[in-house]
Amino acid sequence: MSALELSGVSIALGANVVVRDVSESVEEGEWVVVIGPNGAGKTTLLRAIGGLLAYDGEIKVGGEDAARLRRDDLARRVAFLPQAPVVPEDMSVADYVLLGRTPHLGWFGRERADDVAAAVLALERLDLVPYARRRLGSLSGGERQRAVLARALAQDAPLLVLDEPTAALDVGRQQQVLELVDRLRAAHGLTVLSAMHELTLAGQFADRLLLLDGGAVVASGAPSDVLTTERVARHYGASVRVVADEHGVVVVPARAEMAAEVSGRAGSEWQAPESARSRDPRSGAP
Ligand SMILES: Nc1ncnc2c1ncn2[C@@H]1O[C@H](COP(=O)(O)OP(=O)(O)OP(=O)(O)O)[C@@H](O)[C@H]1O
Ligand SMILES: [Mg+2]
């Protein structure tokens, strides 16, 4: 049974169809990374899986139709980490991480010893114990991002849906957090679906990549198959070199090739990537 199964998922926001007919499954223990240019629909797709947006089609989590699950039932199965979380500035880090246990609490909403233990473990895993009593509003962007991730881990769900989990982190923390997620995946059989902009990190940690552009999946497969110089030029308007190594691929921006790769004619003006050029004007998208 797949950990996550999407069948014909389309999502409209206002007058725009932002996600178009996505059918994909993610197997238990797999790490799938959704990549794609700004506005491709990554966040929209992940928010729908997290139960935060209405959609057409079907989303199954652990074999169950997500639309039929009660909110706390879904939250015990899917931990969703938003791209730009709004956090209560005055709340302590410890109390915030404990909120991750909400879907596990009983009728009276009181935490038990195992809820506190799960929150402490999440704080430890993200090196946040020294910050436990600090107000969220007093943290740096990266510290806050770790607190949000700790809250998602405390939720103890078998499927982690992470929208740009490393965006605010320095290069060392990026690697540490992704290695931690990978270790948890190996040790507890977690399934991970994340959106990431950093193509090298995506190419090193993902089992499989989904490249989204204009709301549709335009490529899917092993990082070395999806991340080609040609595809990155076409969908991002970027010039890169792709280097294979034992963990996957490394994607290096390479300015010297920019003019030729992106415009197709050396020395001519920069052209918008396909994502921007091919947008249907009738969709109302900018
Ligand atoms: N409420 C809304 N009404 C109309 N369009 C919206 C709405 N919210 C988002 N969009 C549009 O949907 C498209 C997809 O947005 P989404 O946030 O899913 O992109 P993304 O791939 O996560 O981009 P990024 O890499 O910048 O995070 C964008 O063009 C965005 O402007
Ligand atoms: Mg996004």
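Along the sequence shown, residues are numbered consecutively beginning with 1. Order of listing sets the numbers, starting from 1, for every ligand and every atom in it. Source: prediction; values computed, not measured.
- Under a 4.0 Å heavy-atom criterion, Arg47 is not in contact with ligand 1.
- The Mg ion (ligand 2) lies at the vertex of an angle of 80° between the OE1 atom of Gln83 and the OG1 atom of Thr43 (rounded to 10°).
- Here the options are Val34, Val78, Val192, Val26, the test is side-chain contact (heavy atoms from CB on, under 4.5 Å), and the partner is Val161; only Val78 passes.
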Does the side chain to side chain contact (heavy atoms under 4.5 Å, CB included) test come out yes or no for Glu179 and Phe205, once each step is laid out? CA-CA 8 Å; Glu179 293 290 357; Phe205 283 92; 3.7 Å; yes

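- Considering every non-hydrogen atom in both Val97 and Ala119, the closest pair reads CG1-O, 3.8 Å.
- The shortest N or O to N or O distance between Val18 and ligand 1 is not under 3.5 Å.
- Annotation: side chain of Leu169 is not in contact with side chain of Gln176 (no heavy-atom distance under 4.5 Å).
- In this structure, CG in Asp95 is found 13.0 Å from CZ in Arg135, a value given to the nearest 0.5 Å.
- Close approach of ligand 1 to Thr44 (heavy-atom distance below 4.0 Å) involves ligand atoms 14 (C), 15 (O), 16 (P), 18 (O).
- Contacts between Asn16 and ligand 1, counted as non-hydrogen atom pairs separated by less than 4.0 Å, involve the side chain only.
- Closest of all the heavy-atom pairs between Glu27 and Ser2 is OE2-OG, 3.1 Å.
- Within the listing of ligand 1, atoms 23 (O), 24 (P), 25 (O), 26 (O) sit less than 4.0 angstrom from a heavy atom of Asn38.
- For ligand 1, the polar-atom distance check finds an N/O of Gly41 within less than 3.5 Å of one of the ligand's N/O atoms.
- Within the listing of ligand 1, atoms 27 (O) sit less than 4.0 angstrom from a heavy atom of Gln83.
- Close contacts of ligand 1 with His197, meaning ligand atoms under 4.0 Å from a residue heavy atom, involve 24 (P), 25 (O).
- In summary, Glu230 and Arg234 engage in a salt bridge, as defined by a charged side-chain N under 4.0 Å from a carboxylate O.
- Here CD of Glu58 is found 5.0 Å from CG of Asp65. Values are rounded to the nearest 0.5 Å.
- The Glu164 neighbourhood of ligand 1 comprises atoms 25 (O), 27 (O), with distances under 4.0 Å to a heavy atom of that residue.
- Proximity to Leu13 (heavy-atom distance under 4.0 Å) selects the following atoms of ligand 1: 2 (C), 3 (N), 4 (C), 5 (N), 6 (C), 7 (C), 8 (N), 9 (C), 10 (N).
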